[in-house]
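Worksheet: one structure, shown below.
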Amino acid sequence: MARLLTGAEIVWECLLLEGVEVVFGYPGGAILPIYDALYKYQDRIHHVLTRHEQGATHMADGYARASGKVGVAMATSGPGATNMVTGIATAMMDSSPIVCITGQVATTAIGGDAFQETDITGITQPITKHNYLVTDIEDLVETIREAFYIARTGRPGPVLVDIAKDVQNAKIEFEGYPDEPVELPGYHPPAQAPEAQVSAALELINNAKRPIILAGHGVLLSDSMKELRELAEKGNIPVTTTLLGIGAFPASHPLNLGMMGMHGGAWCNYAVQEADLLIACGMRFDDRVTGNLKTYSPNSKKIHIEIDASEINKNVKVDVGIHADLGTVLRQINPGVERGPDRTEWWAKIRDWQEDANERDILQFESPTLLAAQAIRKIWEGTEGKAFVVTDVGQHQMLECQYYAHDDPFTLSTSGGLGTMGFSLPAAIGASFYVKDREIWTIAGDGCIQMTIMELATAVQENCNINICIINNGYLGMVRQWQQMFYESRYVETPIYSPDYVKLAEAYGMPGYRIEKQEDIIPTMRKAQAHNGPVLIEFVVERFDNVYPMVPAGADLHNMIRRPHPRFEKMEM
């Protein structure tokens, strides 16, 4: 039955129709009608008051990554909307489905440089899948419906809906969503791969002597973990993952080599370079994975399966490019894969590379100070590898990938493509509204945490059950590492001052702990695990430790800077 509602009320009605349970946001003048209407919907949709609009978008993003649902963030016009830009770009680079709803000045004031007017649709056009400016209430329902459809279908991503204030105040008869499905011109991802492409891929797979699977974020987004495992096990094919592909294939599985790329395992990069076939599944061949494109896996044939047609042949030219849903394609391919081919020589070569790398592992070194790798490994032990981990960006991020083994999908959330410092704390808060069956551990650097540290107040206000670990080495660690390696150790503006994090935690109203010795980690973790609500733990770690291996930017993937072998050279501290 039709009801006479304001545009503001219609926004909340549409969110209910989309199944939205939580919204992250910050009110202001141009979106005040929507917030006023929230008064009627507070028993059905939980709103989280963030401390910054960037935090709202990261929370919506974190919720989306954890749940697979569309995350929702709200902000007012002008600075409120522009504060969301970093979070929107983060979601765009990592294909995370979020809808950002912003208020805009009245239609009569648009273009007149009104107070807090900003062309947010113009600003965000390059960093959204699509965006809208709603200036007519007649368009509001279909716009919100399309926004959610676009955000979650095909290759997911962010959509922004900017709603003029007079549209929020206007009234119209609301009848709910129309019965017809959403149909958008030109937006029709292929249902399956052509048989000719499937046959071509099968011929390459069954004839390969040294194949390797490159598993990306698309494996998780398409929920094709089962199909990927079938391909790997049936064909006896090693698997290596991208950063965002971690969890797509169990870390403990004997076919899993680990993460490839700039800070991936040396054996993974060697295997990619020596392979005669790359099977790229839902990944985009970004520069942190490939290194120098001219020398990338030079002797291999390449299969690329990807839902986004623009990614195929964009960076790496391939022999078979398949534009379709990954899970669908793998279900087409797997029946024709030969079972258990003999790849003894290939695996023997990989095992030799792994043995050499294991002897160089930092955990084999003695150190008078706590190492970040030791801290992260202990977190893995103390959670039995079952936690939901959210990391920030930098050395600690790469060490988490190396020393926290993820057997289960959707247990690592991190900013990959944009590399957004400040992501982890708000993203963990967002994830906590969905993840109830696992501990949530946030791992951030002392530089990253200070970018969104105000969201500690949000965590306390919402009593989010998250454990916030700060890896404090007194530097912007990854930048300092680059300065050491490539800028003759000129540490310009990388030493960073931090507050007393334990006192800061207490000031915000949460327990705070400081750890400087490895033996204190597990006992402190047990205290955090027993507490209902947010806990902050500061790990004071070695200041001049580096992350190895490292492929310098633009270098050949196999020309890694590797940790000195302990038999020949002591680690410099």
Side-chain angles (χ1 to χ4, degrees), residues 11 22-35 38 47-65 70-94 96-105 109-110 113-134 147 151 157-165 168 390 392-393 415 417-430 444 447-459 461-462:
V11 168
V22 59
V23 171
F24 309 91
Y26 202 95
I31 201 170
L32 199 53
I34 290 177
Y35 271 87
L38 173 61
H47 182 276
V48 176
L49 176 64
T50 67
R51 297 307 185 267
H52 192 282
E53 293 88 353
Q54 179 182 346
T57 50
H58 289 327
M59 289 180 202
D61 187 352
Y63 176 84
R65 297 185 198 220
V70 178
V72 180
M74 287 186 177
T76 193
S77 62
T82 58
N83 280 346
M84 302 179 96
V85 167
T86 298
I88 294 171
T90 301
M92 183 66 176
M93 290 291 283
D94 289 350
S96 186
I98 66 173
V99 169
C100 294
I101 299 174
T102 54
Q104 183 55 274
V105 300
I110 291 176
D113 291 333
F115 177 68
Q116 290 193 334
E117 179 191 0
T118 299
D119 179 12
I120 193 61
T121 53
I123 290 170
T124 60
Q125 185 176 2
I127 55 169
T128 54
K129 280 188 74 176
H130 194 55
N131 63 26
Y132 301 85
L133 170 61
V134 183
V159 179
L160 181 135
V161 180
D162 196 31
I163 308 173
K165 190 171 184 179
Q168 300 172 44
V390 188
D392 240 291
V393 175
S415 173
L418 198 64
T420 305
M421 293 177 67
F423 170 82
S424 68
L425 175 57
I429 293 172
C448 293
I449 194 68
Q450 294 187 71
M451 288 200 168
T452 52
I453 202 165
M454 74 291 289
E455 301 302 345
L456 289 175
T458 307
Q461 181 171 331
E462 295 289 337

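Sequence positions, counted from 1, serve as the residue numbers for this chain.
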Between [X] (side chain only) and [Y] (backbone N and O only), is there a donor and an acceptor less than 3.5 Å apart?
X: Asp392; Y: Cys448; result: no
X: Glu117; Y: Asp113; result: yes
X: Ser77; Y: Gln116; result: yes
X: Gln104; Y: Thr118; result: yes
X: Thr452; Y: Gly422; result: yes
X: Asn131; Y: Thr121; result: yes

Please find the pair of heavy atoms, one from [X] and one from [Y], that lie closest to each other, and give the distance.
X: Gly71; Y: Ala64; answer: N-CB, 3.8 Å
X: Gly55; Y: Pro426; answer: O-CB, 3.6 Å
X: Pro126; Y: Ile123; answer: CD-O, 3.4 Å
X: Val161; Y: Ala147; answer: CG2-CB, 3.7 Å
X: Gly80; Y: Ala75; answer: O-CB, 3.5 Å
X: Ala91; Y: Ile98; answer: CB-CD1, 3.8 Å

Rounded to the nearest 0.5 Å, how far does [atom2] of [Y] lie from [atom1] of [X]?
X: His47; Y: Leu38; atom1: NE2; atom2: CG; result: 6.5 Å
X: Gln125; Y: Lys129; atom1: CD; atom2: NZ; result: 15.5 Å
X: His58; Y: Leu425; atom1: NE2; atom2: CG; result: 10.0 Å
X: Gln54; Y: Thr86; atom1: CD; atom2: OG1; result: 5.0 Å

Are [X] and [Y] packed together at the side-chain level, in the sense that at least one heavy-atom pair is separated by less than 4.5 angstrom?
X: Asp162; Y: Val134; result: no
X: Val390; Y: Phe423; result: yes
X: Leu133; Y: Ile163; result: no
X: Val159; Y: Tyr132; result: yes
X: Lys165; Y: Pro33; result: yes
X: Thr102; Y: Met74; result: no
X: Thr57; Y: Cys100; result: yes
X: Val105; Y: Ile110; result: yes

Identify, with sequence neighbours excluded, every residue that meets ring-ring contact (aromatic ring centres under 6.0 Å, His included) alongside His52.
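Once residues adjacent in sequence are excluded, His52 has no partner under the ring-ring contact (aromatic ring centres under 6.0 Å, His included) criterion.
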
Listed pairs under 3.5 Å, donor-acceptor, residues 22-32 side chains, sequence neighbours left out:
none

Salt bridge (charged side-chain N to carboxylate O under 4.0 Å, His left out) contacts touching residues 49-65 (sequence neighbours left out)
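Every pair satisfying salt bridge (charged side-chain N to carboxylate O under 4.0 Å, His left out) with a residue in residues 49-65: Asp61-Arg65, Arg65-Asp94.
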
Does the side chain to side chain donor-acceptor pair (under 3.5 Å) test come out yes or no for Thr458 and Glu455, once each step is laid out?
CA-CA 5 Å; Thr458 307; Glu455 301 302 345; 2.6 Å; yes

Regarding Thr90 and Thr420, is there a side-chain donor-to-acceptor distance under 3.5 Å anywhere?
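Indeed, the side chains of Thr90 and Thr420 share at least one donor-acceptor pair under 3.5 Å.
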
